[in-house]
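One structure is given below, encoded as structure tokens.
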Amino acid sequence: MIAMDVQTLFQPFSLKSLKLKNRIVMAPMTRSFSPNGIPTPDVAAYYGRRAGEVGLIVSEGTVIERPASSNDPDVPHFYGERALEGWRRVIDQVHAAGGAMAPQIWHMGVMRPHASGWKPPVPFEGPSGLVMPGERTGVEMSEADIAETVAAFGRAAGDAKRLGFDAVEIHGAHGYLIDQFLWAGLNKRSDGWGGATLPERSRFAVDVVKAVREAVGEDFVVILRLSQWKQQDFAVKLAKTPEDMEAWLTPLAEAGVDIFHCSQRRFWQPEFEGSDLNFAGWAKKLTGKATITVGSVGLSGEFIAAFQGESSHPSSLDELLRRFERGDFDLVAVGRAILSDPQWPTKIRENRSGQLRDFTREALATLS
Ligand SMILES: Cc1cc2nc3c(=O)[nH]c(=O)nc-3n(C[C@H](O)[C@H](O)[C@H](O)COP(=O)(O)O)c2cc1C
């Protein structure tokens, strides 16, 4: 079932100060095991168990210092002495196991309240207060809110570097704050933060990238995660043509992105008609930057269905390897397969396909 040439995924990767032992990235996955936003020793052990084999771990989304950056009290903070001390424990454990790690810094933007009923102390904030086109559950951010949020992203990135992380990832995908600015359906602003075109609506993302770059210096790798799809609507496409995509990504690359992390639910789906290139393939072709692909690598079903209880079975890596060997992307992020099995990369490298596990929703219940 597993192709013979998986070894190509086990070549080292190096960019600026970032040195990775292989091309496999643990995808960012929210686990909600950090009470009051503080990562516990269990969280450090969870990442530590995966650090020996994964090239780069991207942490679960960890929220920046804004009163309504999160809708979940168990999602980790990336600010405040106690939370940052928890993260120091995480990165030390990852380094002790020979791994590399980037925190994924995050602001959720306008959300619906958490299932538990927990709410932040102030209303959710976003470009226009909308969580869905036509549904308002938050407030429109003022100029001062925007400036403070951009600065908070920069501070978090500076803290990542100071704590010893190897890179930083900005969460600009999946319909959260940065993506809410990008998406015309949620960004109805008529000031300089909105506009009819994607480049106009990218101004917030560009400013966040600039603030992050300024905080970490030139040699520290900055990753930006983007998606066309939104959790609110899988069918949305920000860029409908390669020209749209170039106009979207070029200013972000110029602002300081080193690696685009191109989130798809299924990596093999072509982005535009007339070519089989996926999002990561196009982003690399259009910007010349390194890219990460992601989405159902090694599994039969995609992750949103998994939340609803659908099990996924191990599947062939042949199509992934075909694209990788063609040079479409530099790194491959794997989510659920590594969540349920810290040994996944080793099993792939050693062609032990018979020992690969299914992914079932039960894996989300513990931090094993
Ligand atoms: C439990 C879970 C939590 C997730 N949380 C995040 C997150 O915090 N940030 C993010 O960018 N993506 C998140 N994702 C999406 C994953 O990073 C990844 O893109 C997705 O699971 C597809 O990869 P997979 O098919 O290999 O699981 C999450 C996925 C899962 C399964």
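Ligands are counted one by one from 1 in listed order, and the atoms in each one are counted from 1 as well.
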For Leu20 versus Leu331, what's the shortest heavy-atom pair and its separation?
CD1-CD2, 4.1 Å
Is the ring pair Phe324/Phe329 parallel, tilted or perpendicular, if the boundaries are 30 and 60 degrees?
tilted
For residues 218-237, pull every pair meeting ring pair (Phe, Tyr, Trp, His ring centres under 6.0 Å), keeping only residues two or more places apart or in separate chains.
His174-Trp229, Trp229-Phe234, Trp229-Phe303
So what's ligand 1 close to, N/O to N/O, under 3.5 Å?
residue, atom, partner, partner atom, Å
ligand 1, 5 (N), Thr30, N, 2.8
ligand 1, 8 (O), Thr30, N, 3.4
ligand 1, 8 (O), Thr30, OG1, 2.6
ligand 1, 8 (O), Gly61, N, 3.3
ligand 1, 9 (N), Gln104, OE1, 2.9
ligand 1, 9 (N), His171, NE2, 3.4
ligand 1, 11 (O), Gln104, NE2, 2.9
ligand 1, 11 (O), His171, NE2, 3.1
ligand 1, 11 (O), Arg225, NH1, 2.8
ligand 1, 12 (N), Pro28, O, 3.3
ligand 1, 12 (N), Arg225, NH1, 2.9
ligand 1, 14 (N), Pro28, O, 3.3
ligand 1, 17 (O), Pro28, O, 2.6
ligand 1, 17 (O), Arg225, NH1, 3.0
ligand 1, 17 (O), Arg225, NH2, 3.3
ligand 1, 19 (O), Arg225, NH1, 3.4
ligand 1, 19 (O), Arg225, NH2, 3.0
ligand 1, 25 (O), Ser296, N, 2.7
ligand 1, 25 (O), Arg336, NH2, 2.7
ligand 1, 26 (O), Gly335, N, 2.8
ligand 1, 27 (O), Arg336, N, 2.9
ligand 1, 27 (O), Arg336, NE, 2.8

With sequence neighbours excluded, tell me which residues meet salt bridge (charged side-chain N to carboxylate O under 4.0 Å, His left out) with Glu319.
Arg322, Arg323
Hey, mind stepping through Asp328 and Thr293 against side chain to side chain donor-acceptor pair (under 3.5 Å) and telling me if it holds?
CA-CA 9 Å; Asp328 290 9; Thr293 198; over 6 Å; no
Can you list every ring pair (Phe, Tyr, Trp, His ring centres under 6.0 Å) pair that touches residues 90-118, not counting sequence neighbours?
Trp106-His171, Trp106-Tyr176
